[in-house]
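Encoded as structure tokens, the structure appears first; notes follow it.
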Amino acid sequence: MLATAVTPLHAQLILNTKQFNPKGETSLSRQKDLLEIIWPAGDGKFGKVQFDLSPANALFKRIALGSKTQPVTVSQDLDAAFLLTIGKRDLLSQNGWNIFFDKVPLRPFQTFPVILKKTSVTVKTVGSRTVVSIGSLTADRFSGVLEITFYNGSPLFNIAAVMSTQAEASAIVYDAGLISRTQKWKSLSWTNTADQIESAEIQYADSAKNLAVKYRTIAAQSTNGALAIFPAPHQYFYPLDEAFNLKFIWHGKNYRKMLDEYGIGIRQELEGDRRFVPWFNAPAGTQQRLNFFCLIGNASGTDVIDAVKKFTNSDRYVKLPGFKTMSSHFHNEFIMNVVLAGKPVPQKPEFVEVFKQMGVDMVHLGEFHYTAHPKGPDSLRLRELRALFEQCRRLSDKDFLLMPGEEPNEFFGGHWLQIFPKPVYWIMSRNKNVPFVENKPGFGKVYHIGDKNDMLKLLQDEQGLAWTAHARTKGSVNTPDIYNHEDFFKSDRFMGAAWKAMPADLSQPRLGNRVLDLLDDMNNWGEKKTVITEADLFTVTKENEMYAHMNVNYMMLDELPRYDEGWKPVVDAMQHGKFFGTTGEVLMHELKVNGKLSGETLKLNTDGTADVSLKLSWTFPMNFVEIISGDGEKVYREKFDLTSTKAFGEQQFNFRPKLKGRKWMRLEAWDSAVNGAFSQTFYLEAAEN
């Protein structure tokens, strides 16, 4: 637990409320060592938390929910618990903090309990939320404060150890949760990986166990209600090649032989998927937020878990009129590992069912990733492509489109992906006497590609697109930068790049800066490029923790293309920026700038401004919208604070940013759990005099 330093005598802590709004919706009171927060929790209820600031007692004396005058105790006598594991990042062998090919747990590391000394307390109002800061925290070379954030309008709060270090090249992971000083919890509830609720009576003497669950949540029930613990749905999961469910929940006594009493919480598997394991970046001086969420309810643990699921739409991408969802970059290898391996081919493959259950309308594959014969011989390559096309056709229907695709990694440099608007037979080699294209019986057109010029011509002839996969990291560590002058990159057939939340850094209020920064660079290079989201995962199963590692593109399409008619509308939307990317919790129903959509060119107002109209919806309370723009050299940011928002909102926003002299702009929106959405680029022209 957050071990507490105890002294025989202690002076009453000074309470700093200079930034607390006493006229707001949240009330604050104090009696000696007890600090009480009461906040409106929605549905006419109020949440109440009593903090015990005395050194020896549990920090959370009482957590309650009910009427303002008679809240019902849900949990009591709890301590927050954090275990911080500190290793070293490899900043030399590849590309500094952007490195993915790192194996942190193979080098020396150590886990430290985070120690709380109740030396100070500050309460401040931030929009519609109240932040209680209690210091100080220490864990080896890291130090900071404990922050508890209460969100008006919801029985939701966040507990965060906000810590920093001056040490260089730190890589971290953390486990966290709540420790019970008394035995008031009666039972636990969680959802197993088969999506079934399970419950068990608490045995306070049982040693801690790790659980594989769905929805990343565990709930503890007492006589009058339940408390659920869960992480930020995407931020907590550093990037891996696999989305294995690594038992991200724990419960029991003596967790990791470091937390003596009984508790529940979230955890990380230190060795990840045992491939490349980069952990979280923790650069010197950054404020790392080791955090988790709590949701309280007056009903059962099952009911509280159902309430938690709403924050991720039950791990499903919701339908949005005028849009279809598309996800890309999956090395599932169904063709080589099943179809052509002589194994029984299931009528309904598991990976297809997983995508459908998640609300993904279209999937772009990355088959044959070092498993097949991309360079031939022709007979093998064509057989593999035919099997891919046949299975994509068979598994597509009126509600689901499976699009063939590969990560060729030939000709251009680095790693890249491609998509054609229909099946195309092509072989990644060409001898001197072999024609660029020929007709082969049983296949029709077959292309042989020998170099980057051939590849560009193929993309042009078949109206395909290529883009940099995992730009500036992994096997694309120097791309697209090293080829941004090449004809193929400057061509309209080279779409741009793909976004994933990689690397991970708990100090950032957004995910995936690596590619968002690249999009800004490409815009300032004067190139009209787009960025789709990518998952870059190897296996897709129902047991996997798919949602945490997923993202999706909402394509501006009224209808889903049918496989046999081709999917040119999808390719066109990708090329022309008619989509937005999201983790799923934040949705851009409509975004127009001076009446134009993303990917289009607009004239600024005569005063150099533009009228931005944004219809946004969200689950977690929002944090901010940011308008990013550039003049061909510099990047400019204008942030619009949204901390006054509450959970589960939908709102029309109108902004009027100053964009004089700018050549482009785009928009991002991020919430309090660091989930977000980003638009494609709008191109700007000065108003005519």
Please examine the side chains of [Y] and [X], heavy atoms only from C-beta on, and report whether any two atoms are closer than 4.5 Å.
X: Tyr204; Y: Trp185; answer: yes
X: Ser187; Y: Ser199; answer: no
X: Val104; Y: Val277; answer: no
X: Glu147; Y: Arg289; answer: yes
X: Thr165; Y: Ile86; answer: no
X: Asn152; Y: Thr26; answer: yes
X: Phe580; Y: Leu591; answer: no
X: Phe311; Y: Pro233; answer: no

Does atom [atom1] ([X]) have a neighbourhood of more than 12 heavy atoms from anything else shown, all under 6.0 Å?
X: Glu201; atom1: CD; result: no
X: Lys309; atom1: NZ; result: yes
X: Asn654; atom1: CG; result: yes
X: Lys88; atom1: NZ; result: yes

Indicate the atoms forming the closest heavy-atom contact of [X] with [Y], along with that distance.
X: Ala220; Y: Ile264; value: CB-CD1, 3.8 Å
X: Phe653; Y: Leu616; value: CE1-CB, 4.0 Å
X: Phe648; Y: Lys310; value: CE2-O, 3.4 Å
X: Gly47; Y: Ala41; value: N-CB, 3.8 Å
X: Ala282; Y: Gln288; value: CA-NE2, 3.6 Å
X: Ala161; Y: Phe82; value: N-CZ, 3.7 Å

Determine yes or no for a side-chain-to-main-chain donor-acceptor pair under 3.5 angstrom, with [X] supplying the side chain and [Y] the backbone.
X: Ser679; Y: Leu667; value: yes
X: Asn16; Y: Lys18; value: yes
X: Asn254; Y: Ala208; value: no
X: Thr582; Y: Gly676; value: yes
X: Trp250; Y: Ile266; value: yes
X: Arg89; Y: Pro278; value: yes
X: Asp671; Y: Pro621; value: no
X: His234; Y: Thr583; value: yes
X: Thr119; Y: Ser136; value: yes
X: Glu545; Y: Ala548; value: yes

If we ignore angles and hydrogens, is there a donor and acceptor under 3.5 Å between the side chains of [X] and [Y]?
X: Gln652; Y: Ser613; answer: yes
X: Asn21; Y: Thr125; answer: no
X: Asp140; Y: Gln110; answer: no
X: Thr73; Y: Arg62; answer: yes
X: Glu585; Y: Asn313; answer: no

Side chain to side chain contact (heavy atoms under 4.5 Å, CB included), that's the test. Do Ile172 and Leu290 meet it? Break it down for me.
CA-CA 10 Å; Ile172 62 172; Leu290 324 177; 3.9 Å; yes
Which distance, rounded to the nearest 0.5 Å, do you find between the [atom1] of [X] and the [atom2] of [Y]?
X: Leu116; Y: Lys118; atom1: CG; atom2: NZ; result: 6.5 Å
X: Ser222; Y: Asn298; atom1: OG; atom2: CG; result: 9.5 Å
X: Tyr262; Y: Ser180; atom1: OH; atom2: OG; result: 9.0 Å
X: Leu53; Y: Leu59; atom1: CG; atom2: CG; result: 7.0 Å
X: Trp618; Y: Thr645; atom1: CH2; atom2: OG1; result: 5.5 Å
X: Asp90; Y: Asp102; atom1: CG; atom2: CG; result: 5.0 Å

Under 6.0 Å between ring centres: does that hold for [X] and [Y]?
X: Phe112; Y: Tyr174; value: no
X: Phe293; Y: Phe157; value: no
X: Phe248; Y: Tyr236; value: no

Going by the angle between their ring planes, with limits at 30° and 60°, are [X] and [Y] parallel, tilted or perpendicular?
X: Phe109; Y: Trp279; result: perpendicular
X: Tyr238; Y: Phe280; result: perpendicular
X: Phe51; Y: Phe150; result: perpendicular

Are any of the side-chain nitrogens in [X] or [Y] under 4.0 Å away from the carboxylate oxygens of its partner?
X: Asp315; Y: Arg216; result: yes
X: Asp175; Y: Lys247; result: no
X: Lys61; Y: Asp33; result: no

Run Ile305 and Phe230 through side chain to side chain contact (heavy atoms under 4.5 Å, CB included) and show every step you take.
CA-CA 10 Å; Ile305 289 175; Phe230 58 102; over 6 Å; no
Apply the salt bridge (charged side-chain N to carboxylate O under 4.0 Å, His left out) test between Arg181 and each candidate in Asp79, Asp260, Asp77, Asp52; give the one that qualifies.
Asp79
Can you list the steps and then say if Asp505 with Arg514 is a salt bridge (Lys or Arg N to Asp or Glu O under 4.0 Å)?
CA-CA 11 Å; Asp505 185 330; Arg514 168 185 56 91; over 6 Å; no
Could you go through the side chain to side chain contact (heavy atoms under 4.5 Å, CB included) check for Gln221 and Ile202 one step at a time?
CA-CA 9 Å; Gln221 187 168 343; Ile202 291 180; over 6 Å; no
List the steps and the verdict of side chain to side chain donor-acceptor pair (under 3.5 Å) for Asn513 and Asp517.
CA-CA 6 Å; Asn513 289 350; Asp517 290 345; 5.4 Å; no
CA sep, side-chain torsions, deciding dist, call: Arg141, Gln166, side chain to side chain contact (heavy atoms under 4.5 Å, CB included)
CA-CA 8 Å; Arg141 69 205 75 166; Gln166 292 307 313; over 6 Å; no
